[in-house]
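Just so it is clear, the structure is predicted and the values come from calculations on it, not from any experiment. Each chain gets a letter, A, B and so on, in the order its sequence line appears, and its residues count up from 1.
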Amino acid sequence: MNGTVAEAVRPPRKAQSADFVAWLVTTDHKRIGVLYMCTSFAFFLIAGILALAIRAQLAAPGLSVVGPHAFNELFTLHGTAMIFLFVAPFGLGLANYLVPLQVGAADMAFPRVNALSYWLFVAGGLTVFSGAATNGGAADAGWFAYAPLSDIRNGSGAGMDLWIVGLLMVSAASIMTGINLLATSLLYRAPGMTMWRLPVFTWEMIVTSILILMAFPPLATALAMVFVDRRLGGHFFDAAHGGNPILYQHLFWFFGHPEVYIMILPFFGVVSETIPVFSRKPVFGYVGLVLSALAIGGLSVGVWAHHMFATGAVTNSFFSAVSFLIAVPTGVKFFNWIGTMWRGQLTFPTPMLFSIGFLLNFLIGGITGVIMASPPVDFHIEDTYFIVAHLHYVLMGGSVFAIFAAIYFWFPKVFGFRLGETLGKWSFWMMLPGFNLTFFPMHVLGLWGMPRRVVTYPALAGWAHLNLLATAGSVLLALGVLLTVVNVWLSSRRPTPAGDDPWGGYSLEWVTTSPPPEHNYEWIPAIRSERPAYDMRQTAAKAP
Amino acid sequence: MAQAAVTSASSKTPVGVFGMVLFIASEMMFFGGLFAGYFMIRSSASRWPPDGIRLDLVEPTVLTAVITLTTVTIYLARRALKMQSIGAMRSWVWTTFALGAAFLAIEYHEWANTDFKISTNAYGSLFYTMTGFHGLHVLIGLALLLGLLAAARHPGQARGGAEAIAYYWHFLYVVWLGLYGVIYLLQ
């Protein structure tokens with residue numbers, strides 16, 4: 001993936017090695033954005049292969065495709081890669097590319113810090129995976145690595161330590177990118193680009209960046225404490241020596257729940273950009289969209305203990321109430337998106353299809369989220385496949401579908417040529433049913449009591465058919481993803497030039513050339529609304 | 001309309017200072033996590049500090065005095081830079097550096113003479129992790145001061161850097177006041 005995409009923008013053959021070095025030492029936000037997105041997509045492909053191994057093991061009762069220990073490593077690395085190395089960093093990579101363009105800046109506020117963020121992210125990801133090469137194997141305590149399970153008595157291998165160190169690097173990278181995005185969008189706006197004319201994507205990234213600054217440091221605290229417990233003989237989470245294991249859950253979920261919004265808000269931003277363009281209408285309720293993002297950001301730091309209802313150590317009624325409340329601003333956003341499409345001149349190219357897929361899947365994920373916010377229900381489905389179904393509807397059916405929308409929508413801007421529509425549509429029409437076949441049965445399995453993170457299950461439980469269905473769906477989903485990869489490869493072999501603005505876009509990045517020059521803009525049009533590219537076309541059409 | 005896009009709309013605040021303020025905010029969340037851990041573990045303990053642990057107040061009070069002085073000297077360094085007197089600025093930065101190094105030396109001496117370790121119990125883990133991370137940040141602050149001295153050859157460029165580093169030192173001070181109050185005074 002990485003190589004294919006990078007090749008497409010390279011001049012053929014000549015001076016390729018010099019160009020390669022230029023990519024390695026670049027501080028250009030566009031190149032860093034492309035590197036970020038390609039690297040995180042590579043982690044996505046790896047995580048997908050791990051997921052297929054998990055589905056193969058669970059296809060039928062009593063299989064032993066992988067052993068129990070390997071199974072623990074599989075779901076730990078799959079979750080870690082998807083959350084820390086793909087969905088969140090892909091959003092940051094996209095923002096790296098788009099935010100300076102959308103606000104009319106020449107680069108990020110701190111270009112060298114930006115390069116450092118990217119390389120720290122790569123190093124962190126590789127460090128996490130390098131655990132697989134150690135004697136004890138990779139980390140195996142799940143992506144949230146609850147403290148007694150992640151301590152030295154339950155796993156003395158270096159894999160867990162490498163996981164901790166790798167995630168600390170990824171945290172530092174995220175924090176630096178958050179600072180960079182805030183400084184860029186607040187201080188480097190072009191003349192006329194007021195806060196209320198910022199594209200919705202940039203607004204969502206502002207809220208995301210604030211959440212990063214609030215959430216990732218407590219994660220670093222928790223990871224540092226686990227490391228002290230593991231390697232320096234500490235007792236933070238050891239009740240026998242005065243420690244408190246629940247403390248880890250508090251610190252982790254104080255990060256973990258805002259992290260959920262760090263992984264979804266950028267993609268709310270993506271569909272808020274694509275849906276208006278393909279409805280030929282301005283976004284419906286711009287102010288409402290922005291305010292609901294701020295409300296989600298505010299509420300998201302007050303819901304962490306809804307992951308801890310079953311501990312009995314938190315005030316369930318408070319955290320339940322705040323969790324329900326989040327459905328309100330999220331509902332406002334759905335209203336905005338549907339209102340935008342209402343009576344629009346809808347067209348359905350691939351990015352619009354993926355955006356609508358996002359709406360459908362995320363709606364189901366959002367509704368199951370509201371169901372789980374009720375503690376009595378949560379007691380029943382805690383740690384079952386219902387949770388697995390819910391989180392995949394939000395993150396895979398939601399965020400990842402929006403990532404594919406973003407890839408198809410901005411690819412022509414980034415590389416100057418389009419991705420094939422036919423393969424794109426095939427990819428979508430395989431991924432949508434594939435995704436739903438994989439994860440919808442898991443709701444039922446969860447309600448029937450199938451626990452998550454079990455290596456196998458007995459034939460008598462009656463879970464076999466739905467598990468086989470989920471495995472079949474996962475193969476279809478994987479083939480759909482593969483089609484997009486093939487699409488990138490085929491399209492880059494015979495590039496059809498896209499022009500500067502293939503979709504009739506609204507935000508500022510569609511004004512400049514595709515790909516944009518190194519300093520982004522030779523000139524910037526007058527900015528009078530949140531749709532400067534649209535305004536410019538209207539003015540040009542009126543001119544004699 | 002050839003507006004090169006490098007323009008900064010509201011350039012009253014140097015962007016480096018803005019970035020430092022955001023960085024300090026995230027650092028506050030990091031230390032906030034440590035303090036939250038402290039209070040949570042303390043609230044579930046029957047005796048605090050645990051039996052046999054009593055912290056001496058003399059050295060931490062000296063540490064408080066030393067780090068208070070650094071906030072004054074770093075302020076004077078900034079003022080000297082504003083008034084273009086590079087020599088005075090250099091000597092105030094070196095004074096801050098010396099006080100910061102003295103802080104670390106005294107803190108190390110205190111660590112070496114306490115009768116519990118990081119592995120003794122949860123109290124020990126909290127004590128060394130919290131003061132240790134603060135000490136680590138002081139060490140980074142010392143490195144920043146050396147960087148500032150190197151940059152002082154170009155006073156125009158050093159202005160924003162000096163302001164950002166001064167913010168950082170005040171952040172170290174605030175965290176230390178929290179540690180002094182919570183760990184030592186509220187025993």
Engineer: Determine, stepwise, if the pair B:Phe18 / A:Ile179 fulfils side-chain contact (heavy atoms from CB on, under 4.5 Å).
Structural biologist: CA-CA 9 Å; B:Phe18 185 77; A:Ile179 292 172; over 6 Å; no
Engineer: How long is the straight-line distance from CG of A:Leu213 back to CZ of B:Phe23, given to the nearest 0.5 Å?
Structural biologist: 10.5 Å
Engineer: Where do B:Thr120 and A:His241 land on the side-chain contact (heavy atoms from CB on, under 4.5 Å) test, with the steps shown first?
Structural biologist: CA-CA 8 Å; B:Thr120 304; A:His241 289 82; over 6 Å; no
Engineer: Find the distance between CG (A:Asn244) and CD1 (B:Ile41) and round it off to the nearest 0.5 Å.
Structural biologist: 6.5 Å
Engineer: By a 4.5 Å heavy-atom criterion (distance strictly below it), what part of A:Ala215 contacts chain B: side chain, backbone, both, or neither?
Structural biologist: neither
Engineer: I'd like to verify something: which residue of A:Val228, A:Asn180, A:Asp238 has the highest number of heavy-atom pairs under 4.5 Å with chain B?
Structural biologist: A:Val228
Engineer: Is it the backbone or the side chain of B:Phe133 that comes under 4.5 Å from a heavy atom of chain A, or both, or neither?
Structural biologist: side chain
Engineer: Step by step, would you call A:Phe110 with B:Val15 a side-chain contact (heavy atoms from CB on, under 4.5 Å)?
Structural biologist: CA-CA 9 Å; A:Phe110 309 104; B:Val15 65; 3.8 Å; yes
Engineer: Does A:Arg537 CZ have over 12 foreign heavy atoms under 6.0 Å away?
Structural biologist: yes
Engineer: Identify which part of A:Tyr248 has an atom lying under 4.5 Å from any heavy atom of chain B, answering side chain, backbone, both or neither.
Structural biologist: neither
Engineer: Select one option (side chain, backbone, both, neither) describing which atoms of A:Ile210 are under 4.5 Å from chain B's heavy atoms.
Structural biologist: neither
Engineer: When heavy-atom pairs shorter than 4.5 Å are enumerated against chain B, which of A:Val113, A:Leu251, A:Leu232 gives the highest number?
Structural biologist: A:Leu232
Engineer: When you look at OH of B:Tyr184, are more than 12 heavy atoms from neighbouring residues, nucleotides or ligands closer to it than 6.0 Å?
Structural biologist: yes
Engineer: Inspect the surroundings of CZ in A:Arg231 and state if more than 12 heavy atoms from other residues, nucleotides or ligands are less than 6.0 Å away.
Structural biologist: yes
Engineer: For the atom pair OH (B:Tyr38) and CG (A:Leu247), what is the distance rounded to the nearest 0.5 Å?
Structural biologist: 14.0 Å
Engineer: What part of A:Met225 gets closer than 4.5 Å to chain B, counting heavy atoms only: side chain, backbone, both or neither?
Structural biologist: side chain
Engineer: Rounded to the nearest 0.5 Å, how far apart are CE of B:Met29 and OG1 of A:Thr221?
Structural biologist: 8.5 Å
Engineer: Please test A:His235 against B:Ile118 for side-chain contact (heavy atoms from CB on, under 4.5 Å), starting from the C-alpha separation and ending with a verdict.
Structural biologist: CA-CA 8 Å; A:His235 300 288; B:Ile118 196 166; over 6 Å; no
